Amino acid sequence: MARCVQSVQEFIQDSFVPMVAVLCSEEAERVTRKNNLNFAELLRPFCRLTSEGHIRDPNNQVQTVKNLRICVNKLVASQNTTSAVLGPTQRQLLSEVVLSCQPQDGAVTNMITVGGYQLNFNGKGCLSTSQCAIFRWSITFLSNSKYFFIYLKSTTPWFEAYRENFLQSMPASDHEFLNYFLACLLVVSSTEAVPVEQFLKLSQEQHRVQHSGEYTNPKWFIPNTLKYYVLLHDMSEGNEHRADTVYEDMKQRYGPQGCYLLKINSRTLSTGEDEQIPDPWSQYLHRNNLHNQVNGLSNSLSSLPLQLDTASSSGSLNNLSTVNSDVKRGARDTESLVGGAGSHGICLTLNDHDHIRQFIQEFTFRGLLPHIEKNIRQLNDQLVSRKGLSRSLFTATKKWFGGGKGPEKSINEPKSTCGLLYPPEAPELQIRKMADLCFLIQHYELAYSCYHTAKKDFLSDQAMLYAAGALEMAAVAAFLQGGAPRPYPAHYMDTAIQTYRDVCKNMVLAERCALLSAEILKSQGKYSEAASLLIKMTSEDSDLRSALLLEQAAHCFINMRNPMVRKFAFHMILAGHRFSKAGQRRHALRCYCQAMQVYKERGWSLAEDHINFTIGRQSFTLHQPENAVIAFREILANDSRQTATQQGAFLREYLYVYKNVTGGNEVSLPQLPLPCIHSSATRVYFGHERRLAEGEKQAATHVSLDQEYDQDLAAMWRHLEEQLVAAANRGLVPGNFQPTQSCLNSHTDNLRHPFAVVEEPIIVEVTFRNPLKVSLALSNLSLLWKFSVEGASLSEEMSEGLSGKALTNEDALALGARLRLLPHRTGQLNIVGVVYNLAGPLPGELTPSTEGQQMMDMMVVHGKQDLRIQGPRLNQTKEDKMLIRHGPDRRLEPIITPPMPLMEVFFLQFPTALLCGEVRKAYVEFCNVSSVPLCGLRVASTHPDFFTFGSQATTPLTPVSPASSENCSAYKILATPHQLGSVTSEILVSPEDFNQPSGVIEIPIDGCTLQPGESTQLPLWLRGPDQEGVHEINFLFYYESTEKGIKISHRVLRHKVFICASRSLSVQASVCHSSIPPPNCGLDDKDCSGALVFIDVENINTSDAAVREFLIVQVSSSSQNWCLHKCINPAKDKDCKLTSRERAKLCFRATRCKPREDTSDTVERYTFADLNLGNEQIVSSSTPCGDFFFRCCQNSQRVNVVSSSCKSQGSLSTENTVSDITNIVKKCNELDLNIIVIWKAYVIEDNKQLILEGQLHVALQAIGKEASSLTPKQEATEMVLLKFKSELPPPAILPTVELSQLIKTNLQYPETYSHPFVQESLCVVPVTLTLSNCSLAHVDVIIDLRHKSVSPVFLEVHTSFTWVGQTQYKLQLKPQEMLSLTLQACFLKPGVYNLNTLRVFAKPADQDAMCETSQQIASPALIIINNA
């Protein structure tokens, strides 16, 4: 709770002070009016004594009176009776007191940190227009969960002012004497003709008012009221000597303690201009006037003028009525009631101030205090004498004040405990009177004893009003006893409050009791009890009182040992609501703003909406529309859980307030809260939107805002662009290379300024989100941008935009609006925001009438939202990792560059479905749609084997235009007679004629330059992928400007297609050594070796019913070392046609190519050999067959490199010996023969037969290994376990299977041999053994003719058969050498014998004996021996 400026003791002492009346003559009033003051007002700033006073109690003990203050009021008589409630005038004036007391600007902020809350209290309820935030009481969430407590030092002066004026305005009650007058000052001017007579008249008038019974107010403490005679002397007019003479006479008449000469107005106007005299009256006059108005206006109907001063009194009443008519004006301007600022005491000097101060002290110490002391003694004596007991009341026991005369009751009065009236001489009232006197002079111990005694008497008589008063003051007196061990009796106060409120129905006294008790409880740290007490005093009869008490209760909750922050906020909301009902809008706004600190950003969305809505309305009512707009923005900017109806009402309120704020002045557009803009989702596209296809033309897809960003695809496009840039820069990528980004979003690299081209549009897609459940209408959307050219800058709004867009709650996720900019100059462009018109829903269902249109126009507001994009978080340096730093995001800050070429690409007859290996011809058209020529046209693709533009040296003469290409073959065809299996001529071709090592294809256009507006059309051959399925194929076209040295070095164009590949044929091929040498090849010819190639072709197209059959047209080979020589297929007269699931097997003989003559040309050349199986021969070495062959070879080489590298990661290096042997074996079995199978397919489509062409490739790498045209599925790489300690290497495993194929053997002998065994028992047959070295190394060979087999079968076959002559040979064969040996076989009897019983061992010549391996023997060589 906010602390008071005064301490609790000072507050209570100033609330109950001795009351002194003032009765002045007319002349004395005139003298004081020179200072714009009456006599009571003149004395008020000096009514607090600066020195201590002393009195003696009935026990003759000296009591010190410190810091005593007296209250001096003008005597005004009335006939009003005391009321239990405040009147309308009193309520109004108290309301004005609170309204006039507002927080001051620039007040010192007081902060309290409570757990996770940080609350600011600077007392301001209205918001500063210079601040952007809605609240000056900001709230910050702290991760620390511990409670910290800082006592609030801020004050609530409006509550203190209310409390002071409330206590001063309380009427005097019959059950107590605290507000009764103790003395009366009779003031007469020294200029009177006979001052003594005037004193006599004034004394008589006072006596008449007190004792005549005509007036109920004011009330007097004792019958013998102290009269103090004051002679007022005006130093500027009167005769000072005469005044002294009159004063001496007065001392003789009234005694020196009963009169005083006060000299004032010593200042003249001539001397007053130079001297600055302080004005101590200003701070008292406003409170005094309000207090006088309460007392005067409430009794104005029954107030009667004093008979002595008729004119003066009536004038005073007229002044009061005038004040009443202008009460609101007077409450807001405190000095309007008493004169201008600084005009009080204009005739007084500092010495006059001292005279007045001295007069007060003299009156108090020599008149008032002795009078009080005397009356205390008299009351004590009277009570003691009546009871006949001890003279000392201070030491009396309980029975001293027991019994007594009961209270009198009026005959017509109901028998209510509140209506009891004691006669003035009743002992109970005398005890209460004595207690009040002791309380006023700070004798709290004696006062408590009297109150305690009176309380018992009143309770015994059931006089509850008197008992409640005694309980109240007994509790206060007990608290004020200095150093007393007696605790504060809070239950006394609770009983008193309950009695006042429930029994006596007197809320005024109950409120006073609650105010006193709350202050006492707070001073003792009992904030919970104080808050409960204050909350109990709230009721519906007074909104102002309830609001003030609820606010104080809220402060109690925040000041507890364990602060209750949410209770504080809740009761501040209640206080704000009651302030609003009481008309205190500024205080209501302040309460709501302070409570907002607790509810803000804590998940209390509905509470936040209510508070913001109330703040907005209160701010608008208080003529703070800017703050109202900010408050309503808070409701609409956050996701609300309100119903659609409530949200619509909030939106209409906001739009109405917004319209009042702008007032048609839209020079500076304010920020709109709706709809929400997802700034990070803003996308920027540079360039023209893709042109739609024209007829059969299919435009390149390029990049558009409709495409979603994919990180993998972006990396793929970057890789393709790097290939193109490297190809254009002699194989090197420049260090300042940046990939082209046509569409920027939150995932792209936005650290650098993007480039845009003059006269090419910039499309900005802004993502809007509607957080409400009602629809929003946006219209006239445009971009707000800034443009600078060489230091000059200009800002304007683009007129190009959307004319209208409806954003409903169904579009809450995202709704993008695409706005277009067209730059006309080079420079720097900054896109800063979006400007649009916002319209909300109409209340109810309105038909589109004129009235509805007018309302819609009223609900449309014009504003903007800034586009602020936060860059990525930096994480490079240590400071970046420790702090939260974000890099720049410059996607909305493009640099406009000079004109650049712009190319469009169109595809004609481009298929969407192909058979695997199918070759089809399409056309591509390149158009330069800019005003700048382009050059350096290139293309890269993720599937370079999918297409080819052909080789200029080998491109066949095929139709150039698409119209003339129907039913024409894509191959170069030569007409030949039907000679199945004939050997064709061999053609040497260089791979450089077909493909480029970098994978980048230069597009052959005439002149290498495309002029502005020019277009060219080129053929494009396509080949279906070898694997079935849907394939995504990406093209990236690259081109440059003919002008060098510009900011944009090149431009690219993307194209993406999807090809559905269906099954066609499956080709399986294998090769083995041929034991029979080719014809026309002698034994001395070392290079004359042959091989047999077996090709299995199967029709695996089962799903496509339109494909009738396949026809194998031609089989070609391409290799550097081998070529197909002849087809040895036995079915020579049968066509190779395959329907579904049919299979054909073809056999070919392959020979080594003849070595070329040594030339200076070191370029590798491939030998193409074509074996046609029909009437037409396709030139496989020309486009497109040769192109696709070399593309597939290059792709398979890349796959092999990748697979071999993956396998090598998990293996260790082997022994050098094993490595050498493996290389030898590989060289022994290396073949490097590529088979090209060209086919035709007959397809029925739309009742028409179409002929499709295609080619399949099979790469035979080694003898004995089967190869397939189908792409093998890649298996996942096995995980390799990490090994942390070395292990012994595994033993070397020799490739025995491969080593057994070093030597090929062939036996030549007669199949049948006749011998006359009768004549000669031994039959010797010559046998020729031919040995062939299949490797490229020297081989040591051992031939063993001895029989080593132990098998029974072989024993039976070998019976009577043996080799004669030399039975073991050791030879060495050179690489690829053939050697023949003549052997002799001896037979003993006729029969069938297997001559292939010899054993051949071979090893590389440079290896040891452990590498010696038995060679594979051919099939059994059977000979028939007949008996002649």
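Small disclaimer: the values here were computed from a predicted structure and weren't measured.
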Next on the checklist: Evaluate Y658 against F632 for ring pair (Phe, Tyr, Trp, His ring centres under 6.0 Å), listing each step before the verdict.
Outcome noted: CA-CA 9 Å; Y658 180 90; F632 281 114; over 10 Å; no
Checklist entry - Measuring from L784:CG to D866:CG, what's the distance to the nearest 0.5 Å? => result 8.0 Å
Checklist entry - Crowded around H886 NE2? As in, over 12 foreign heavy atoms under 6.0 Å? => result yes
Checklist entry - Counting only heavy atoms not in D1006, do more than 12 sit closer than 6.0 Å to its CG atom? => result no
Which donor-acceptor pairs under 3.5 Å do side chains of residues 731-738 form with protein atoms, sequence neighbours excluded?
none

Checklist entry - Hey, which of D1187, L1020, V924 is the one that makes side-chain contact (heavy atoms from CB on, under 4.5 Å) with F947? => result L1020
Next on the checklist: Could you check whether atom CG of L883 has more than 12 heavy atoms from other residues, nucleotides or ligands sitting under 6.0 Å from it?
Outcome noted: yes
Checklist entry - How many angstroms lie between CD in E1043 and SG in C935, if you round to the nearest 0.5 Å? => result 11.5 Å
Checklist entry - Only one of V932, T897, L902, T826 forms a side-chain contact (heavy atoms from CB on, under 4.5 Å) with V757, so which one is it? => result T897
Next on the checklist: Let's go through F907 and H1055 carefully: what are the C-alpha distance in whole Å and the side-chain angles of both, what is the deciding distance for ring pair (Phe, Tyr, Trp, His ring centres under 6.0 Å) to 0.1 Å, and is it a yes or a no?
Outcome noted: CA-CA 10 Å; F907 297 88; H1055 180 58; 4.3 Å; yes
Checklist outcome for this item: Distance col, row H747:NE2 vs D749:CG, nearest 0.5 angstrom, shows 13.5 Å
Item to check | Where at least one partner belongs to residues 674-684, residue pairs that pass salt bridge (Lys or Arg N to Asp or Glu O under 4.0 Å), sequence neighbours excluded | outcome: R683-E765
Item to check | Cation-aromatic face contact K697/F906, 6.0 Å, 45 degrees | outcome: yes
Checklist entry - Nearest 0.5 Å, what's the OG1-CG distance between T748 and D889? => result 7.5 Å
Item to check | Shortest non-hydrogen contact between V703 and C743, atoms and distance | outcome: CG1-CB, 3.8 Å
Checklist entry - For Y1038 and H1050, what are the C-alpha separation, side-chain angles and deciding distance, and is it a ring pair (Phe, Tyr, Trp, His ring centres under 6.0 Å)? => result CA-CA 7 Å; Y1038 171 99; H1050 66 277; 5.0 Å; yes
Checklist entry - Which word best sums up how the rings of F926 and F949 line up, parallel for under 30°, tilted for 30 to 60°, or perpendicular for over 60°? => result tilted
Item to check | Min side-chain heavy-atom separation L914-R920 under 4.5 Å | outcome: yes
Next on the checklist: Within this structure, what is the NE2-CG distance for the pair H862 and N780, rounded to the nearest 0.5 Å?
Outcome noted: 7.5 Å
Item to check | Step-by-step side-chain hydrogen bond (donor to acceptor under 3.5 Å, both in side chains) determination, E1032 to H943 | outcome: CA-CA 9 Å; E1032 177 183 327; H943 295 70; over 6 Å; no
Checklist entry - Parallel, tilted or perpendicular: which fits the ring planes of F1035 and F910, with parallel below 30° and perpendicular above 60°? => result perpendicular
Checklist outcome for this item: Closest non-hydrogen atoms of A922 and L1022, given as atom of the first, atom of the second and distance, are CB-CD1, 4.2 Å
Next on the checklist: Taking atom CD as the centre, does Q876 end up with more than 12 heavy-atom neighbours from other residues, nucleotides or ligands that are less than 6.0 angstrom away?
Outcome noted: no
Next on the checklist: Quick check for you: to the nearest 0.5 Å, what is the distance between R1191 atom CZ and I1001 atom CD1?
Outcome noted: 3.5 Å
Checklist entry - Taking only residues two or more places apart in sequence or in another chain, which ones pass side-chain hydrogen bond (donor to acceptor under 3.5 Å, both in side chains) with K1044? => result E1040
